[in-house]
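For reference, the structure discussed in these notes is given below.
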Number of protein chains: 2
Amino acid sequence: MSKEISQAVIRRMPRYYRYLGELLDEGVERISSNELSARMKVTASQIRQDLNNFGGFGQQGYGYNVQFLYEEIGKIMGLNEQHNIIIIGAGNLGQALANYVKFEKLGFVIVGLFDVNPELCGKSIRGNKIEMIDKLEEFVKTHKVDIATLTMPKEKADAVANQLVSLGVHAIWNFAHVDLEVLDENVVVENVHLSDSLMQLSYNMTKNKREKETLE
Amino acid sequence: MSKEISQAVIRRMPRYYRYLGELLDEGVERISSNELSARMKVTASQIRQDLNNFGGFGQQGYGYNVQFLYEEIGKIMGLNEQHNIIIIGAGNLGQALANYVKFEKLGFVIVGLFDVNPELCGKSIRGNKIEMIDKLEEFVKTHKVDIATLTMPKEKADAVANQLVSLGVHAIWNFAHVDLEVLDENVVVENVHLSDSLMQLSYNMTKNKREKETLE
DNA sequence: TAGATTGTTAATCGATTAACAATC
DNA sequence: TAGATTGTTAATCGATTAACAATC
């Protein structure tokens with residue numbers, strides 16, 4: 001078995017992908033780890049180490065072919081396949097995510113939207129009619145669903161997550177304000193906590209402010 | 001000068017805050033690092049190390065007083081003060097954030113919403129009328145604005161960010177799909193890239209799937 | 001006081017950076 | 001071939017965990 005790749009590395013991959021996409025848009029054909037290092041403000045050494053976890057994508061004396069590397073990183077992250085997403089909780093955030101066109105370009109296609117609120121029943125977001133939650137089970141059983149996005153109050157998240165796992169969903173993208181954990185280790189969970197991010201910002205901002213006050 | 005606290009530690013603080021808040025809701029009065037460790041699935045050692053970056057909040061033989069620790073961590077993250085937020089880009093995500101009541105409970109109050117789209121002009125979100133972007137400068141000059149949230153296309157984010165910095169905003173919470181950097185080192189920037197998070201999920205999900213296929 | 005648990009130092013582990021031989 | 005730049009090993013740095021003396 002090959003050595004496990006750390007989440008620290010994996011977190012950086014989408015960023016490489018983004019910068020390579022920009023280079024591609026600019027028409028840049030090849031790039032060295034040194035040039036990319038300057039752009040991305042990470043060390044060239046880290047770039048080479050990170051990439052070599054997945055294979056040798058470069059060429060000595062030349063660098064990396066931008067198009068090729070872009071595609072390879074895409075494949076590493078599974079972007080060569082379509083992933084179907086359902087969103088459970090069609091409130092503001094759920095609707096915002098459903099409207100986010102960028103996801104579709106990456107191969108993540110929203111195929112269903114569910115909510116408990118009858119007022120939302122019948123409303124459509126980019127061609128997806130919002131369904132009532134009691135249709136969820138039937139839907140997942142009859143459609144290919146890879147990822148379930150949870151944008152609902154934290155009180156309900158755990159039960160819905162367990163239901164989805166038992167229905168065979170492969171991944172849960174959780175925006176509810178709990179750290180979801182599922183028993184099935186084949187199901188991956190990614191917790192996104194926007195208020196955590198805001199608090200981190202607040203800490204750094206407050207620290208700045210306090211330091212400035214101390215100097216005065 | 002005291003030793004710099006690493007971002008790794010700071011990222012964990014909101015999580016401690018959240019778990020302590022839950023304990024408080026459950027009526028738990030005191031907790032040891034060991035009990036908290038079991039709940040949070042981190043080592044007790046890490047909890048004690050993390051907290052002691054900011055001071056000794058516990059008591060030997062007793063543990064930590066939940067209420068006290070909760071409040072102290074809140075203060076560390078600056079939650080003892082109100083922070084005013086404006087949102088620039090009142091599309092789906094901007095509106096979703098403006099509707100997020102939880103932020104207000106933490107002391108983050110939305111005081112303004114701006115967009116370029118005239119169709120949104122006059123619409124209100126929880127008492128905040130969406131204003132046209134040409135009102136932004138005047139607004140920031142005449143109101144206390146601590147944090148600016150950018151929920152706009154990446155093409156415009158950099159220019160708006162620079163404008164905001166020159167107007168004296170203290171922090172930028174950026175959802176545009178670029179890594180914003182500002183020249184003023186007193187301004188803190190937090191980049192939130194939802195598609196990066198989705199790609200990380202996709203990587204882990206795809207890895208699972210590939211491993212399963214290899215076994216067959 | 002005895003037991004429990006912190007605060008803190010020391011040890012370990014893992015991630016990042018530096019260096020350089022391999023090679024295009 | 002000479003120059004450039006990767007892939008990879010070795011060195012360093014930082015973060016996590018373990019251990020235990022201090023102390024409530």
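Hydrogens, waters and symmetry mates are skipped; everything else that's a heavy atom, side chains included, is used. Naming convention: chains lettered A, B, ... in sequence-line order (proteins, then strands); numbering from 1 in each chain.
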Fit a plane to each ring of B:F139 and B:F114, take the angle between them on a 0 to 90° scale, and name the class: parallel (under 30°), tilted (30 to 60°) or perpendicular (over 60°). perpendicular
Would you call the rings of A:H193 and A:H177 parallel, tilted or perpendicular, taking 30° and 60° as the class edges? perpendicular
Look through every strand shown and name the nucleotide pairing with C:dT17 as Watson-Crick or G-U wobble, where both distances are under 3.5 Å. D:dA10
Complementary nucleotide of D:dA22, counting Watson-Crick and G-U pairs under 3.5 Å: C:dT5
Take the protein atom [atom1] of [X] and the nucleotide atom [atom2] of [N], then report the distance between them rounded to whole Å.
{"X": "A:L51", "N": "D:dT5", "atom1": "CG", "atom2": "P", "answer": "16 Å"}
{"X": "B:F54", "N": "C:dG7", "atom1": "CZ", "atom2": "P", "answer": "14 Å"}
{"X": "B:D50", "N": "D:dG14", "atom1": "CG", "atom2": "P", "answer": "17 Å"}
{"X": "A:I47", "N": "C:dA15", "atom1": "CD1", "atom2": "C1'", "answer": "16 Å"}
{"X": "B:N53", "N": "C:dT8", "atom1": "CG", "atom2": "C1'", "answer": "12 Å"}

Of all of residues 5-38 of chain B, which get a heavy atom below 4.0 angstrom from DNA chain D, listed by number? B:S6, B:R12
Aromatic contact between A:W173 and A:F103, with the criterion being ring centroids under 6.0 Å apart: yes or no? yes
Under a 4.0 Å heavy-atom criterion, the protein footprint on nucleotides 17-24 of chain D, written with B, S and -, is BBBB-BBB
Between B:K75 and B:E72, is there a salt bridge with N-O shorter than 4.0 Å? yes
Residues A:K154, B:E22: salt bridge by 4.0 Å N-O rule: no
B:R48 side chain reached by B:Y64 side chain, heavy atoms, under 4.5 Å: yes
Heavy-atom side-chain contact between A:I86 and A:L136 under 4.5 Å: yes
Pair up each side-chain donor or acceptor in residues 50-63 of chain A with any protein partner under 3.5 Å, not counting sequence neighbours, and list the distances.
from	atom 1	to	atom 2	distance (Å)
A:D50	OD1	A:R12	NH2	3.0
A:D50	OD2	A:R12	NE	2.7
A:D50	OD2	A:R12	NH2	3.4
A:D50	OD2	A:Y16	OH	2.6
A:N53	ND2	A:Q49	O	3.2
A:N53	ND2	A:D50	O	3.2

